[in-house]
Amino acid sequence: MFERFTNDARETVNRARREAEESGADPIGTHHLLLALASPDAGLAHEVLRGAGLDERRIRAEIARLVSTPTRALGEEDAAALRTIGIDLDSVLARIGESFGPDALRTVGEVPAEETLRRRSRRVGRFTPRARKVVELALREAIRLRDRQIGSEHLLLGLIREGDGLACRILVDNGIEPGDLRNALLARRERAA
Amino acid sequence: MSEATDLASAASGTDPRAGLRATLALRRLADSLEALQVDNARRHGWSWQEIADALEVSKQAVHKKYASRRPAAQTWED
């Protein structure tokens with residue numbers, strides 16, 4: 001699948017892979033690809049994204065906003081604070097435990113350690129279905145543009161064409177029309193040629 | 001223990017620190033309960049709209065907050 005990638009595109013995929021691993025061994029998602037494309041090392045894709053107002057910092061913040069779990073574990077300090085307003089956390093937990101099992105409330109939203117490990121061994125370096133689709137679409141974009149190799153700009157075009165991923169959601173949430181980004185990229189290519 | 005008692009007497013008074021800490025803890029408790037019950041409702045086949053109505057929030061708000069954690073119901077995927 002990667003034989004026709006330029007070094008630049010390979011590096012982009014490697015950066016996306018590292019981002020995925022650092023975020024807890026998720027498979028590589030479209031948002032990891034977007035982050036990798038926003039790196040100054042990604043050339044044209046980076047310039048176009050920056051021109052649209054998106055840099056790595058902004059994207060990281062957006063990812064944190066979109067994929068963070070909504071809860072944090074309730075600790076001893078929380079229990080003490082709740083007591084001050086007449087709530088006994090232990091009895092709340094016991095009641096809920098009757099229906100949902102012990103610790104259900106403390107661990108909701110967390111991925112059990114065992115599952116994390118299983119995911120790690122099975123999925124490291126793999127792509128989510130949408131991210132895989134992005135790579136396939138990048139190949140199609142390269143063919144359509146009669147380019148012999150797939151560069152990082154084709155990955156960005158693939159990401160835009162895929163349309164439904166978390167990456168596109170970040171674009172849309174930041175007021176970026178994916179079609180405009182595509183046009184900006186194509187225009188820049190022509191100027192560079 | 002004495003720390004908790006100190007905190008208790010402080011919170012029933014007007015110490016902002018203790019009062020705010022209790023507010024934070026209560027929010028964490030509410031968030032945990034909400035997450036647990038949203039999962040529960042989804043397992044019972046409730047739609048995002050039904051869950052949103054029950055929580056008196058918009059469907060977009062509840063979907064945005066919880067859908068990404070549940071691959072089966074995901075619209076925007078990673």
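Order of the sequence lines fixes the chain letters, A, B, ..., with proteins taken first and strands second; residue numbering starts at 1 for each chain. The structure displayed is predicted, hence computed values, not measured ones.
- No part of A:Leu33 comes within reach of chain B, as not one of its non-hydrogen atoms sits under 4.5 angstrom from that chain.
- By the 6.0 Å contact criterion, CZ on A:Arg95 is open, its count of non-hydrogen atoms from other residues, nucleotides or ligands being 12 or less.
- A heavy-atom distance below 4.5 Å is not found between the side chains of B:Leu26 and A:Asp78.
- A:Leu137 and A:Leu159 end up in different hydrophobic clusters when Ile, Leu, Val, Met, Phe, Trp and Tyr side chains are linked at under 4.5 Å.
- The shortest non-hydrogen separation linking B:Ala22 to A:Leu82 is O-CD2, 4.4 Å.
- Closest non-hydrogen pair, A:Leu74 versus B:Ala25, comes out as CD2-O, 4.0 Å.
- In this structure, CD in B:Gln37 is found 9.0 Å from CG in A:Leu105, a value given to the nearest 0.5 Å.
- Transitive grouping of hydrophobic side chains (ILVMFWY, heavy atoms separated by less than 4.5 Å) brings B:Val38 and B:Val57 into a common cluster.
- In this structure, the side chains of A:Ile96 and B:Leu33 come closer than 4.5 Å at one or more pairs of heavy atoms.
- For residues 138-146 of chain A, heavy-atom neighbours of chain B at less than 4.5 Å comprise no residues at all.
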